[in-house]
Asks: 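Below are the structure tokens for one structure; questions will follow.
Counting convention: from 1, in listed order, for ligands and their atoms alike. Just so you know, these numbers come straight off a predicted model, no measurement behind them.
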Amino acid sequence: MAASCTTTWRCAFLALLVLFVSGAHGQLSPTFYASTCPNLEAIVRSVMNTTVANEKRMGASLLRLHFHDCFVEGCDGSVLLDNVPATPTTPAFFGERNAFGNINSLRGFDVIAKIKTAVEQACPGVVSCADILTLAARDGTVLLGGPTWTVPLGRRDSTTASMDLANRDLPPPFANLTSPDGSGLIERFVRKGLSAAEMTVLSGAHTIGSAQCQNYRLRLYNEARIDFQFAEGLKANCPQNGPANDTFLAPLDSTGSTFDNKYYADLTSLRGLLHSDQVLYPQNNQTQVKIVLKYKGDNAAFFADFAAAMIKMGNLSPLTGTAGQIRTNCSIVNR
Ligand code: HEM
């Protein structure tokens, strides 16, 4: 960059550009709470240790909760806000929890509340729910055998949430890889500043956790690009006509609660559980095929790229400085 900085106006422009690009992360920094809450990471890890030891799936559920927070107006804890019924003087508030992809599906709110209580005891009024969720997602990944990464911190919590934006921005399991109307997986992630390659590595989160029959039923009964035995095995507990067994859970990949690259091997055997998983390995897109084969053959590359993409996703439009607030209770806006 210095080599091309030959005139004053050009230098000024480049300096502004650097400021703009680095400013996109606000003032997030791994040492944000170093003096105000030095034990934060240890407190989060301690609750996560017990939680995941009791129920492995919760590590996956918190990773997903963080993704659903970040994809709707940035990582601002908005997904954690509860609905509030109308009063004689105020209208009802509908948060993101009731959006299509979230209702009867998102889990882990109680774990975030538990961590928040422990954090508030140690450092009252200092740490945001958005940061707690980001750390819990990282720890859930690590505790199930996945990569670790340093989490930039300093997000603040929103005072609003939007069910409409959640319905608009969260990708559904029937999404295609691309679509002329912009509803494809690639377009949805690109709108958030994440590339097709980053979308593909982030989808590797489906190496852990489960999905409900209602989210993979259509794939079992309507799709050709599915392994016959895999589909037949799943059909036993996911009958063609709902609502029977709508909520029956199947693991998202063949190694269930272990974070590894088996997800990508499953895609190449046409054993992706969701339609949105299998479309990442299409017949007609060599770029995608190459990405999937790379991660199938190189667990270290998957881990490194996943960690980098998680940091990037975690930096989506954070509230910093004096914006937003530090909620006392993660599911309610401070009065
Ligand atoms: C690419 C678009 C994506 C789509 C269409 C999608 C869709 C889904 C669906 C439908 C489920 C099952 C929910 C249920 O049946 O209750 C699920 C589970 C899950 N998703 Fe995604 N997802 C996507 C990307 C991601 C990303 C980027 C992450 C995290 C980085 C993620 C993490 C997870 C995890 C960990 C689970 C399991 C949760 C649990 O067991 O509680 N997903 N996803």
Asks: Please state which protein non-hydrogen atom is closest to atom 3 (C) of ligand 1 and give its distance, to 0.1 Å?
Replies: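 For this ligand atom, the closest protein heavy atom is Pro171 CG, 3.8 Å.
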
Asks: Using a heavy-atom cut-off of under 4.0 Å, does the side chain or the backbone of Leu202 touch ligand 1, or both, or neither?
Replies: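 It is both backbone and side chain that touch ligand 1.
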
Asks: Is Pro172 near ligand 1, meaning one of its heavy atoms is under 4.0 Å from it?
Replies: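 The answer is yes: ligand 1 sits under 4.0 Å from a heavy atom of Pro172.
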
Asks: Test of understanding: clusters of I, L, V, M, F, W, Y form through side-chain heavy atoms closer than 4.5 Å, transitively. Do Phe67 and Phe109 belong to the same one?
Replies: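 Linked within one cluster.
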
Asks: Distance under 4.0 Å to a non-hydrogen atom of Leu185: what atoms of ligand 1 satisfy this?
Replies: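 Ligand 1 atoms under the 4.0 Å threshold to Leu185: 1 (C), 2 (C).
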
Asks: Just need the protein heavy atom nearest to atom 1 (C) of ligand 1, so name the residue and atom and give the distance.
Replies: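 Ranking protein heavy atoms by distance from atom 1 (C) of ligand 1, first comes Ser203 OG, 3.4 Å.
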
Asks: So does Phe100 have more than 12 non-hydrogen atoms from other groups sitting under 6.0 Å from CZ?
Replies: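 Incorrect, the count does not exceed 12.
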
Asks: Could you find the nearest protein heavy atom to atom 12 (C) of ligand 1 and give me its residue, atom name and distance?
Replies: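 Residue, atom and distance for the closest contact: Ala211 CB, 3.5 Å.
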
Asks: Hey, does Gln212 come in under 3.5 Å of ligand 1, counting only N/O atoms on both sides?
Replies: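 Min N/O separation from ligand 1 is below 3.5 Å for Gln212.
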
Asks: What do we get for Arg57 next to ligand 1 when only non-hydrogen atoms under 4.0 Å count, side chain, backbone, both or neither?
Replies: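 Contact part for Arg57 vs ligand 1: side chain (C-beta onward).
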
Asks: Using the six-membered ring wherever Trp is involved, compare the ring planes of Phe303 and Phe259 and label them parallel, tilted or perpendicular (cut-offs 30° and 60°).
Replies: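 Correct class here is perpendicular.
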
Asks: By number and element, which atoms of ligand 1 are closer than 4.0 Å to a non-hydrogen atom of Leu274?
Replies: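 So the atoms of ligand 1 that pass are 7 (C), 8 (C), 9 (C), 10 (C).
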
Asks: Nearest 0.5 angstrom please: Leu293 CG to Tyr264 OH, how far?
Replies: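 Separation between the atoms: 12.0 Å.
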
Asks: So how far is it from Ile186 CD1 to Thr200 OG1, rounded to the nearest 0.5 Å?
Replies: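 Here the interatomic distance stands at 6.5 Å.
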
Asks: What protein heavy atom sits nearest atom 35 (C) of ligand 1, and how far off is it?
Replies: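 Heavy-atom neighbour on the protein nearest atom 35 (C) of ligand 1: Ala60 O, 3.2 Å.
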
Asks: Return the residue, atom name and 0.1 Å-rounded distance of the protein heavy atom closest to atom 19 (C) of ligand 1.
Replies: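 Looking at atom 19 (C) of ligand 1, the protein heavy atom closest to it is Arg64 CD, 3.3 Å.
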
Asks: Touching ligand 1 at all, Tyr216? Heavy atoms, strictly under 4.0 Å?
Replies: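 No; Tyr216 lies far enough from ligand 1 that no heavy-atom distance drops under 4.0 Å.
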
Asks: What atoms of ligand 1 come within less than 4.0 Å of a heavy atom belonging to Ser105?
Replies: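 By the 4.0 Å cutoff, the relevant atoms are 13 (C), 14 (C), 16 (O).
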
Asks: Using a 4.0 Å heavy-atom threshold (strictly under), name the region of Leu249 that reaches ligand 1: side chain, backbone, both or neither.
Replies: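 Neither; no heavy atom under 4.0 Å.
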
Asks: Go through it in stages, so that I can follow the logic: the residues are Arg155 and Asp76, the test is side chain to side chain contact (heavy atoms under 4.5 Å, CB included), and I'd like the CA-CA distance, side-chain angles, deciding distance and then a yes or no.
Replies: CA-CA 7 Å; Arg155 298 164 192 77; Asp76 59 0; over 6 Å; no

Asks: Please determine which of Arg188, Lys192, Lys312 meets the salt bridge (Lys or Arg N to Asp or Glu O under 4.0 Å) test together with Glu198.
Replies: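 Answer after filtering Arg188, Lys192, Lys312: Lys312.
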
Asks: Checking a contact table here: which protein heavy atom is nearest atom 25 (C) of ligand 1, and how many Å away?
Replies: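 Answer for atom 25 (C) of ligand 1: Phe67 CE2, 3.3 Å.
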
Asks: Identify the closest protein heavy atom to atom 42 (N) of ligand 1: which residue and atom is it, and at what distance?
Replies: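 Result for atom 42 (N) of ligand 1: His206 NE2, 2.9 Å.
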
Asks: With heavy-atom distances below 4.0 Å as the criterion, list the atoms of ligand 1 near Pro173.
Replies: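 Result: 5 (C), 10 (C).
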
Asks: Would you say the side chain of Leu81 lies within less than 4.5 Å of the side chain of Ser158, judging by non-hydrogen atoms?
Replies: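 Yes - at least one pair of side-chain heavy atoms lies under 4.5 Å apart.
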
Asks: Just verifying a value: how many Å separate Arg138 CZ and Trp149 CH2, rounded to the nearest 0.5 Å?
Replies: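 It is 7.5 Å, given to the nearest 0.5 Å.
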
Asks: Counting each atom of ligand 1 from 1 as listed, which ones have a heavy atom of Gly209 under 4.0 Å away?
Replies: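 Close to Gly209: 37 (C), 40 (O).
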
Asks: Looking only at N/O atoms, are Ser276 and ligand 1 under 3.5 Å apart anywhere?
Replies: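 N/O-N/O distance below 3.5 Å does not exist for this pair.
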
Asks: Count the heavy atoms belonging to other residues, nucleotides or ligands that lie under 6.0 Å from CG of Asn104, then report whether that count exceeds 12.
Replies: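 No, the 6.0 Å shell around CG holds no more than 12 heavy atoms from other groups.
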
Asks: Looking at Lys235, I'd like to know if its NZ atom is crowded, meaning that more than 12 non-hydrogen atoms belonging to other residues, nucleotides or ligands lie closer than 6.0 Å.
Replies: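 Result for NZ/Lys235: enclosed.
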
Asks: How long is the straight-line distance from CG of Asp69 back to CD of Glu96, given to the nearest 0.5 Å?
Replies: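 Output value for this atom pair is 7.0 Å.
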
Asks: Is ligand 1 under 4.0 Å from a heavy atom in the side chain of Ser61, in the backbone, in both, or in neither?
Replies: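 Both backbone and side chain.
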
Asks: Whether Asp131 and Arg156 form a salt bridge (side-chain N of Lys/Arg under 4.0 Å from carboxylate O of Asp/Glu) is what I want to check.
Replies: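 Salt bridge: no.
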
Asks: Is Asn104 touching ligand 1 with its side chain, its backbone, both, or neither, if touching means heavy atoms under 4.0 Å apart?
Replies: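 It is neither; nothing of Asn104 touches ligand 1.
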
Asks: Run the numbers for me: atoms of ligand 1, each under 4.0 Å from some heavy atom of Leu252, listed by number.
Replies: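 Once the distances to Leu252 are compared, the set is 18 (C), 19 (C), 36 (C), 37 (C).
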
Asks: Can you tell me the protein heavy atom closest to atom 29 (C) of ligand 1 and the distance?
Replies: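 Answer for atom 29 (C) of ligand 1: Ala205 CB, 3.4 Å.
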
Asks: Following the transitive rule for hydrophobic clusters with a side-chain heavy-atom cut-off under 4.5 Å over Ile, Leu, Val, Met, Phe, Trp and Tyr, establish whether Val333 and Val84 coincide in one cluster.
Replies: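 Linked, Val333 and Val84 end up in one cluster.
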
